[in-house]
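The figures that follow rest on heavy atoms only: side chains count, while hydrogens, waters and symmetry mates do not. Start at 1 and go down the list; that is how both ligands and their atoms are numbered. In what follows, residues are counted from 1 in the order of the sequence shown.
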Amino acid sequence: MRILTGDRPTGPLHLGHYVGSLQNRINLSEGTEQFIIIANLQALTTHWKNFSLVEKNIFEVVCDYLAIGVDTNQTTIFVQSTIPQLAELTIFFMNLVTVNRLKRNPTVKNEMKGYGFEEHIPVGFFTYPISQAADILLFHPTHIPVGNDQLPMIEQTNEIAASFNHCYQKNIFSPVEAVLSLTQRLPGIDGKEKMSKSKGNAIMLSDSFDTIKKKVHLMYTDPDHISIDKPGRVEGNVVFTFLDIFHKNKDEIEELKKNYRNGGLGDSTIKKILVDDIENFIAPIREKRIHFSNSPDLINKIIKNGNERAYAIAEKNIKEIKKIMHLL
Ligand code: TRP
């Protein structure tokens with residue numbers, strides 16, 4: 001087993017990242033070699049003007065990894081732009097993918113709407129699934145822990161791997177397996193589909209107690225639950241979605257849900273419980289994170305070592321690929 005995952009450094013990581021894939025990375029990583037790519041080039045496909053934000057967030061994201069317990073003895077953390085072999089492989093793969101196939105990728109479709117590109121789709125953005133396939137396949141991993149929005153990317157990666165093997169008559173790339181988290185996808189505090197920094201509905205792993213309190217206070221509940229004594233809805237109520245994930249005592253949740261449905265339980269009571277649950281979860285992460293963000297030399301050394309390790313593997317693997325393609 002060899003694990004590879006990645007994140008775009010467009011902001012510090014949040015609870016949605018944790019529930020969706022970070023947790024799985026930690027669980028799977030024991031005794032296993034792991035790669036984490038900080039996809040700064042992919043980040044530029046949507047944030048090309050915010051290049052200094054992307055640069056700054058490489059540091060933030062590495063602090064997040066270390067704070068949640070990523071072990072750098074087993075994990076190679078590296079920055080996409082330091083591995084030019086990824087750009088080479090992306091170009092090789094471009095011959096094997098049609099424009100129509102990219103247009104059908106549901107994640108691309110969704111994001112295209114979200115960013116409002118309409119008729120002005122940047123080519124770099126449009127082709128990023130090919131570049132992500134290169135991120136993955138260059139390192140020959142077996143398992144990719146990701147959130148379920150990334151499934152179309154994994155599917156397309158496996159198609160590209162199969163096309164390459166077929167085209168060059170060599171079984172060089174093996175299919176990779178997505179590892180999904182058991183917990184459902186975490187909604188944003190506004191009750192919208194997905195927690196996301198850019199939508200401003202996220203709780204960051206680095207948030208202070210006061211910020212957590214403020215954000216939980218703003219959380220979407222049941223808009224029709226106007227007075228405490230009236231029955232409230234649990235389904236679609238973000239506070240309960242979070243309690244299901246972060247409250248340890250499951251019997252207590254069932255009791256709370258019952259009381260909320262019957263009427264007599266106020267939003268402020270369930271929110272107070274959730275604030276404590278999230279604080280208990282984030283406090284140790286926050287504390288470690290402060291230590292790491294005050295140690296820039298350590299962070300920069302970890303990134304430098306990771307880049308060097310990844311580069312050596314990338315160079316060896318791209319040589320094999322070019323040989324198969326009869327390239328100099
Ligand atoms: N597209 C991923 C995201 O938005 C980030 C990513 C880039 C990635 N390269 C990767 C994930 C390779 C897994 C494997 O979260």
Side-chain angles (χ1 to χ4, degrees), residues 1-25 28-29 33-47 54 57-58 60-62 64-65 70 75-83 85-87 89-90 93 102 105-112 114-115 124-161 173-181 185-186 193-199 202 205 306 310 313-314 317:
M1 190 154 137
R2 185 186 243 188
I3 299 170
L4 184 142
T5 51
D7 295 290
R8 298 180 188 184
T10 50
L13 301 177
H14 52 63
L15 285 180
H17 289 119
Y18 190 87
V19 170
S21 84
L22 298 176
Q23 200 173 21
N24 260 344
R25 294 183 199 175
L28 288 170
S29 68
E33 189 180 18
Q34 177 160 202
F35 293 84
I36 304 183
I37 178 167
I38 304 181
N40 61 337
L41 296 177
Q42 190 179 112
L44 290 178
T45 67
T46 52
H47 289 63
V54 170
N57 279 308
I58 293 173
E60 300 298 325
V61 165
V62 176
D64 286 327
Y65 294 151
V70 166
T75 305
T76 303
I77 300 172
F78 68 101
V79 178
Q80 190 182 23
S81 65
T82 68
I83 314 293
Q85 295 85 350
L86 289 171
L89 189 56
T90 303
F93 285 166
L102 286 168
N105 184 310
T107 308
V108 171
K109 262 197 204 163
N110 234 337
E111 287 176 332
M112 224 135 63
Y115 287 106
F125 169 80
F126 186 61
T127 54
Y128 95 77
I130 306 176
S131 144
Q132 187 162 333
D135 295 346
I136 295 171
L137 294 173
L138 184 58
F139 295 91
H140 299 296
T142 57
H143 292 79
I144 320 289
V146 279
N148 57 4
D149 62 311
Q150 293 295 306
L151 282 179
M153 297 296 163
I154 308 297
E155 192 185 321
Q156 193 159 10
T157 297
N158 284 333
E159 274 176 37
I160 291 172
F173 297 119
S174 306
V176 296
E177 203 180 304
V179 185
L180 292 179
S181 102
R185 130 148 280 125
L186 205 62
E193 190 193 340
K194 182 184 167 181
M195 182 173 281
S196 144
K197 166 106 205 294
S198 57
K199 295 199 181 94
L205 295 175
I313 296 170
N317 291 351

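- By the 4.5 Å heavy-atom criterion applied to side chains, R25 and I3 are not counted as neighbours.
- Looking at T45, L41, L4, D135 and measuring to atom 14 (C) of ligand 1, the nearest heavy atom belongs to L4.
- Inclusion of R8 in the set of residues having an N or O under 3.5 Å from an N or O of ligand 1 is warranted.
- Expressed to the nearest 0.5 Å, how far OG1 of T45 lies from CZ of R8 amounts to 5.5 Å.
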**OP:** With salt bridge (charged side-chain N to carboxylate O under 4.0 Å, His left out) as the test, would you mind laying out the steps for E60 and K197 before giving the verdict?
**Re:** CA-CA 14 Å; E60 300 298 325; K197 166 106 205 294; over 6 Å; no

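- Judged purely by atom type and a 3.5 angstrom limit, N40 uses its side chain to pair as donor or acceptor with the backbone of S81.
- Checked by distance only, ligand 1 and Y128 stay at 3.5 Å or farther apart across all their nitrogen or oxygen atoms.
- A donor-acceptor pair shorter than 3.5 Å cannot be found between the side chains of N317 and Q85.
- In terms of protein heavy atoms, atom 8 (C) of ligand 1 is closest to Q132 NE2, 3.4 Å.
- Nearest protein heavy-atom neighbour of atom 13 (C) of ligand 1: G6 N, 3.5 Å.
- Of all the heavy atoms of Q80, none lies under 4.0 Å from any atom of ligand 1, so neither backbone nor side chain is involved.
- Counting atoms of ligand 1 from 1 in the listed order, those under 4.0 Å from a heavy atom of I136 are 12 (C), 14 (C).
- In the vicinity of A39, heavy-atom distances shorter than 4.0 Å reach the ligand 1 atoms 7 (C).
- For the pair P145 and L28, the minimum side-chain heavy-atom distance is below 4.5 Å.
- Using a 4.5 Å cut-off on side-chain heavy atoms (C-beta onward), L137 and F93 make contact.
- The shortest N or O to N or O distance between Q42 and ligand 1 is under 3.5 Å.
- Nearest to atom 2 (C) of ligand 1 among the protein's heavy atoms is Q150 OE1, 3.4 Å.
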